[in-house]
Each structure stands twice: as C-alpha cells, then as structure tokens.
Chemist: 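Here it is, the structure, as structure tokens.
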Amino acid sequence: ITDRGKIGEQEIEEIEAALIQTDMGVDMAAEIMESVRERMLKGISSDEVYSILAKEVQSRLKVFEWDDEIGKELHSKPHVILVVGVNGSGKTTTVGKLAAMHSRFGRNVLIAAADTYRAAAAEQLEIWSKRAGVDIIKSVHGAEPASVGHDALLAAKARGVDVLIVDSAGRLHTKTNLMEELKKISRVMEKIDPAAPHEILLTLDSNNGQNALLQAKEFGKAVGVTGLVLTKLDGTAKGGIVLSINNELDIPVKYIGIGEEVEDLEPFEVEAFASSLFY
Amino acid sequence: QLSGRFAEITKNLRGLGKITDKNISDTVRSVRRTLLEADVNYKVAKKFTESIKSKAMGDKVLRSVSPGQQIVKIIYDELVELMGGASVKEPELKGKKPHIVMVVGLQGSGKTTFVAKYANRLMKSGRKPLLVAADVYRPAAVEQLSQLAKQIGAELFSNKGDSPLKISKDAVKQAVRDNRDVVIIDTAGRLQIDSAMMGELRQIKESLKPELILFVADGMSGQDAVNAASEFAAQIDFDGVVLTKLDGDARGGAALSICAATNKPIVYASMGESIDTLELFHPDRMAGRILG
Ligand SMILES: Nc1nc2c(ncn2[C@@H]2O[C@H](COP(=O)(O)OP(=O)(O)OP(=O)(O)O)[C@@H](O)[C@H]2O)c(=O)[nH]1
Ligand SMILES: Nc1nc2c(ncn2[C@@H]2O[C@H](COP(=O)(O)OP(=O)(O)OP(=O)(O)O)[C@@H](O)[C@H]2O)c(=O)[nH]1
Ligand SMILES: [Mg+2]
Ligand SMILES: [Mg+2]
C-alpha cells in the first residue's frame, strides 16, 4: 500500500484487512479506521500511514511502567504471584522465566507447583527451578492445588523469601469446577496474607483469536487478573487482541514471551508492540 | 450496524420474498462479519462470501419458492463442503507394518496429549501401538508421554541423549522386533519459521516415510492459523489435521481457515484433557458452531 502514493477506498479496505488480521477484532479495526479515514483520504505520504496507525494503536494500549513495578521495593514479604491461563498458553514456562527475572534483581525466589493434575507438570516446573536457580515446593500428583499454594506461602514466610511464584494447571474458563478450584487457590493464600496473591498474571497465547478476550473477562471475574503475559510473540501471530482487552477491561499487558529459553521474557513496551503489528 | 449473529441473518433471510442486490449484499456482509468474529481468516472469509454472493445471484435461488431459505442453505452447505463434506472418514492405516504416524504442530497445541488419546483409540480396535518420545527439548516432555503411556497401558520408546531422528529410527526397529503394528511419534512443538526445527521434521519424514502425518492445531487459533498450517503443509505435507481444545467456547473459525488454506481434511477433534475425549471431526457440527 505504502508505495502506491495515494490512499483511496481500495487502500482503506486493505489497511482495515491488515488490522483485522492482527486479531484486534472487527469492531476495533473499524473504530481505528473511522478515526483515520478522513486524514488518510485527504492525501498523506506512506510513512505517515504507518505513524498514524501506530499512534492509534499506542493510544489504545495501557502502559506498564516496568522499572517502577519490578524495581520498586516489594511491600509484602513474600510478594506472591499466581500465574493462570488456559491449557498450553505458557504458564509453567513463564513461571520459570519470571523466577529468573526476579532472581536477577537479587531477590530470593520460591516457586510452587500447584498444577497437581497434568502428567509431569511438577517435573517440568522442577527443571525450570534448576534453570532459574531457585527452590521449588511441590506435592504429590493429585494433591489439592489449594493446599500446595497454602503450604508454599507458609514455607515462603518461614524462609523469609522475597517472591513466591505459583504455577497453576491449565484450565478452560468455561469449566466451572476448575474455575472454582482456581478461586480456592487464591482464597486460601488470602487467609494467610489478606493482600495475597499480590499479582495474578494471565498468560495469553498470541495464536489465540477472539477467545482471548473471553479468557481475560472470565479469569478476571473469577480471581481478578492484575496483568497479562502475551506469550509466543516470537511466532507469526500478532496478539492484537490485547487492544480489545485494554478497551474493555482494565488489565495491562505486563510481559511478553518471546521464546522457550529462560531469558525470553520482556517487559511490555507499547511503542515496540504497536510497530510490530504492522510488520 | 449489521448483526454478526447468524440466527438473525437467517431470520431476515427466511422472511424474504424477493431477492434483490441490496439484500444479498447485506446478507453477505453479515456473514463475513460472523465469520471474522468466529476467527475465520480475513482472506478466507472474503473468498467464501464472494462465492456465496455469486451462488446467491444464481438461477437456482432466483427461481426458488423461498429464495431466502435457499441462501441460508447455500451458506451452510458451502461451509460444510469446504471443511470436508457431510461424510466423516477416519484415516485408515493400511500400508506396510509397522504403520508410522508422526504428530507435528506449534508449541502447546496438544500433540502429546493427542498421541496418548490416539494410541488409546487404536488399542481399543486391537492395534498394538508403540509411543515414541521424540521431543528432546521441552522440560519433562519424555516424562509426560511416559506417564500418559502408563495410564493407557501402552509401550513407550525413548532414549535420553539421542536426536529425534535417531530415536524415531530406533523406535521403528524396536517395533519390528516386538511386533508393534503402529509407531506414533510425538515431536516437539516448533514455529513454522524456525528453519532448523522444520528441517528436523523433514529429515524424520524423509528417513522414515510415515504413512500418516497429523498437524495438531489449537481450536482457539485466530487469524494466524493459516500461516502455520500453510507452511507446515508446504514443508512437511501433512495428511490431516487435529483440532484441539474444542471443549471451550472458541467459535473455531480456524477450522475453515486451515481447510481453505491447505486443502487438507480435519480428521479428529479433541474435546477435553482426559484420554476418552477424542472424536472424529464433524464438518456439519463445526459449521453450526462457526455460524454461532
Ligand atoms: N515459541 C515460544 N514457545 C513458548 C513460549 N512460552 C511457552 N512456550 C512453549 O509452549 C509450550 C507450552 O508451554 P507450558 O509452559 O507448558 O504451558 P502451560 O500453560 O504451562 O501448559 P499447561 O500447564 O499444560 O496448561 C511449551 O512447548 C513451551 O516451551 C514463548 O514465548 N514462545
Ligand atoms: N481442555 C482441553 N485441553 C487440552 C486438549 N488437548 C490438550 N489439552 C491440554 O493442553 C495442554 C497442552 O497439551 P500438550 O499435549 O502438552 O501440548 P503439546 O502440543 O504436546 O505441547 P508442546 O509439546 O509443548 O508443543 C495440556 O494441559 C493438555 O492437557 C483438549 O482437547 N481440551
Ligand atoms: Mg503448565
Ligand atoms: Mg508435547
């Protein structure tokens, strides 16, 4: 489009198509096109197309001040992070990466294997605990997930740990009993420390389409989500759905997963993300 | 504001006496919106609605007693046809034994779980599968398949430290020795843009010539589903698709996108985490789900 010179109705349609293909949703794409079409049709250069769209996208994303959040003094000891999300979205891997990240800040980290259901879930997290150089609390296969969370928080307090990161089993938000189980994990920790979990991170697979919005809504309703982790952004999926999520819910994207190694977790940066949508 | 709800579209259509250019284009726009909201890829949805439009303008509809009804039927039938047609066929393993089945796809799509479910299904019909843990990358991947194999009472082949290619070759040799008639290879999740990892799959394929290669895709996939599917089809040329996690509320438009982009059939639908939740894929049920 950009080297055709003039923007006409044909180009407007192609730009809207490109927006839709980022998974931002039909309505969001239409809304953005509505606010840019007059400017575009009046006659703009190709660089301007790109910068106008990037600004529209940026204005619709919540900024996450990573330095403030990660760099700040943690208020509670331990600071508890619960990681939740649908099956295969990247929770266990993200827990490992987060543990390493907090460790790099000189914090004493403990992780908890509260996925007591899926085959080899605890074994998988244990390997991550070694990679991150942190301790792990796990139980037996089939144990009550809430009891693992409970024991892990007590252990974290007793050991004077700075950060406790709790991995949970994958679950579809449509499964009521599994969402109840998740609420229980959170409630049980709240009984020990009313402010816990201090962070509830929802992992969203960038490959997911409109269902990611439903996931954010339902997990948000069930346990309250404080931040999103957009995983697998190293693939070709764009993750544009976060625009719709930011539009309807007050949940910022905090991190992005960009690979399968321990260092492949970065703080979310609005400008970089906006430009990535168009490449 | 055109409704994206097919129920509303069909209600309006059924009441139509006369077909006009206006109501056909309104309908087509509504259908396109419905498909996009259901995660059907933009280009696929566009092509689909253009084909519906030209069929709707056709003779059969204009002369029909209830043209609106006819258009609804065209939309539904076209969807079913694109996803494989009304008759459901399970891929048969009828080549030389042991039958080699290879399972591939993006990270986290549900391959390992599918391997166990598929093996269990084969065992129910008297087959003796050998599961192969060829994912040497993911932490505890071998352990995961090992636990699943125990759960269903199936044999597992694994070998720490060997390459996926060597593991697969050795597994086939063992299957011949032990009279296992099916070898199912679980591979690591990988990006279609990772040339080294795609090369690894091509190597296994060239060396073992699997009878059946299945591409496992997440049923919640959005616009990008066509990219991975097309690239895997181009580089690996799989035979069929397994769509997973359909027990949730994702509309499943990826089903149409993948079929349209690769011309490969979706053969199985995974409807849950437990072993007994594997079904044959039904295009008609999927069509209804996509249309909402
Ligand atoms: N390419 C890529 N792969 C990722 C990323 N994050 C996770 N993965 C991979 O995705 C797959 C699933 O990751 P897990 O961490 O097991 O996901 P999970 O949400 O814990 O899965 P369940 O516990 O089974 O629900 C693994 O193969 C990971 O290596 C990422 O950012 N990029
Ligand atoms: N709800 C639901 N969960 C599923 C289904 N199929 C697989 N899962 C779950 O999805 C998650 C990922 O499944 P895996 O079998 O580990 O996926 P994979 O493709 O082998 O993952 P990688 O090897 O890391 O690429 C696990 O939590 C499974 O239990 C399904 O049909 N429905
Ligand atoms: Mg996990
Ligand atoms: Mg696997």
Side-chain angles (χ1 to χ4, degrees), chain A residues 13 16-27 29-30 86-93 96 117-128 130-131 141 169-175 178 205-212 214-215 218 231-232 234-241 259-260, chain B residues 1 4 32-33 36-43 45-46 106-113 116 137-151 188-194 217-228 231 244-245 247-254 272-273:
Chain A
E13 181 181 333
E16 187 164 13
L19 295 184
I20 291 173
Q21 289 179 88
T22 65
D23 280 320
M24 65 170 63
V26 179
D27 289 340
V86 302
N87 308 73
S89 56
K91 297 174 293 298
T92 304
T93 305
Y117 169 76
R118 208 209 66 212
E123 290 87 331
Q124 181 187 7
L125 192 63
E126 182 148 32
I127 293 172
W128 277 106
K130 292 202 178 68
R131 285 182 182 179
H141 185 87
R171 70 203 67 223
L172 296 183
H173 49 282
T174 48
K175 312 228 161 151
L178 298 184
D205 186 332
S206 307
N207 290 292
N208 279 185
Q210 299 308 301
N211 198 255
L214 292 176
Q215 294 168 26
E218 294 305 313
T231 64
K232 309 179 198 175
D234 46 317
T236 49
K238 300 289 185 176
I241 192 68
E260 303 185 75
Chain B
Q1 174 66 8
R32 187 187 296 195
R33 187 191 170 84
L36 291 175
E37 287 175 348
D39 288 323
V40 175
N41 177 269
Y42 183 88
K43 296 191 176 86
K46 183 159 192 227
L106 295 176
Q107 289 89 346
S109 60
K111 299 175 291 300
T112 304
T113 306
Y137 308 96
R138 171 175 155 148
V142 175
E143 182 57 24
Q144 182 187 6
L145 192 59
S146 166
Q147 290 184 15
L148 290 172
K150 274 201 191 68
Q151 205 182 314
R190 69 203 62 215
L191 299 178
Q192 81 278 12
I193 52 174
D194 185 332
D218 192 322
M220 303 183 278
S221 301
Q223 293 291 310
D224 203 64
V226 290
N227 290 333
E231 196 58 26
T244 64
K245 308 177 199 172
D247 43 319
D249 56 2
R251 295 271 292 280
E273 288 193 80

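These values consider heavy atoms only, across backbone and side chains, with no hydrogens, waters or symmetry-generated copies. Sequence lines set the chain letters: A, B, ... in the order given, protein chains first and strands last, and positions in each chain run from 1.
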Chemist: Step by step, work out the side-chain contact (heavy atoms from CB on, under 4.5 Å) result for A:Leu172 and B:Asp247.
Modeler: CA-CA 8 Å; A:Leu172 296 183; B:Asp247 43 319; 3.4 Å; yes
Chemist: For the interface with chain B, which of A:Lys238, A:His141, A:Arg118, A:Gln215 has the highest count of heavy-atom pairs at distances below 4.5 Å?
Modeler: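 The residue among A:Lys238, A:His141, A:Arg118, A:Gln215 with the greatest pair count is A:Arg118.
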Chemist: With salt bridge (Lys or Arg N to Asp or Glu O under 4.0 Å) as the criterion, how do B:Arg33 and A:Asp27 come out once you've worked through the C-alpha distance, each side chain's angles and the decisive distance to 0.1 Å?
Modeler: CA-CA 10 Å; B:Arg33 187 191 170 84; A:Asp27 289 340; 2.6 Å; yes
Chemist: Identify whether the distance between the nearest side-chain nitrogen and carboxylate oxygen of A:Lys175 and B:Asp249 falls below 4.0 Å.
Modeler: no
Chemist: So how far is it from B:Ser109 OG to A:Asn207 CG, rounded to the nearest 0.5 Å?
Modeler: 9.5 Å
Chemist: Side chain, backbone, both or neither: which part of B:Leu145 has a heavy atom under 4.5 Å from chain A?
Modeler: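 Neither the backbone nor the side chain of B:Leu145 comes within 4.5 Å of chain A.
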Chemist: Taking every non-hydrogen pair under 4.5 Å, which of B:Gly248, B:Ala141, B:Gly189 racks up the most with chain A?
Modeler: B:Gly248
Chemist: For B:Lys46, is there an ion pair with A:Glu13 - N to carboxylate O distance below 4.0 angstrom?
Modeler: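 A salt bridge is present here (some side-chain N lies under 4.0 Å from a carboxylate O).
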Chemist: Do you know which two heavy atoms are closest between B:Ala140 and A:Ala120, and how far apart they sit?
Modeler: O-CB, 3.8 Å
Chemist: At a heavy-atom separation under 4.5 Å, does A:Leu214 approach chain B through its side chain, its backbone, both, or neither?
Modeler: side chain
Chemist: Which atoms of B:Gln192 come close to chain A, meaning under 4.5 Å heavy atom to heavy atom: side chain ones, backbone ones, both, or neither?
Modeler: side chain
Chemist: Regarding B:Gln144 and A:Glu123, do their side chains bring together a donor and an acceptor under 3.5 Å, going by distance alone?
Modeler: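 Result is no, nothing qualifies.
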Chemist: As a quick check of understanding, evaluate side-chain contact (heavy atoms from CB on, under 4.5 Å) for A:Gln21 and B:Lys43, giving each step before the final call.
Modeler: CA-CA 9 Å; A:Gln21 289 179 88; B:Lys43 296 191 176 86; 3.4 Å; yes
Chemist: Will you find, in the side chains of B:Asp224 and A:Thr236, an N or O donor that is under 3.5 Å from an N or O acceptor?
Modeler: yes
Chemist: Between atom CG of B:Asp218 and atom OG of A:Ser89, what is the distance when rounded to the nearest 0.5 Å?
Modeler: 9.5 Å
Chemist: If you look at every heavy atom in A:Asn211 and B:Asp39, which pair is closest and at what distance?
Modeler: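 Residues A:Asn211 and B:Asp39, closest heavy atoms: N-OD2, 4.2 Å.
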Chemist: For the side chain of A:Asn87 and the backbone of B:Lys245, is there at least one donor-acceptor N/O pair under 3.5 Å apart?
Modeler: no
Chemist: Does a donor on one side chain and an acceptor on the other come within less than 3.5 Å for A:Glu260 and B:Gln107?
Modeler: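 Yes - a donor-acceptor pair under 3.5 Å links their side chains.
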Chemist: side-chain contact (heavy atoms from CB on, under 4.5 Å), that's the test. Do B:Met220 and A:Gln210 meet it? Break it down for me.
Modeler: CA-CA 8 Å; B:Met220 303 183 278; A:Gln210 299 308 301; over 6 Å; no
Chemist: Verify, without hydrogens or angle tests, whether A:Asp23 (side chain) and B:Gln223 (backbone) share a donor-acceptor contact under 3.5 angstrom.
Modeler: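 Checked: pair present.
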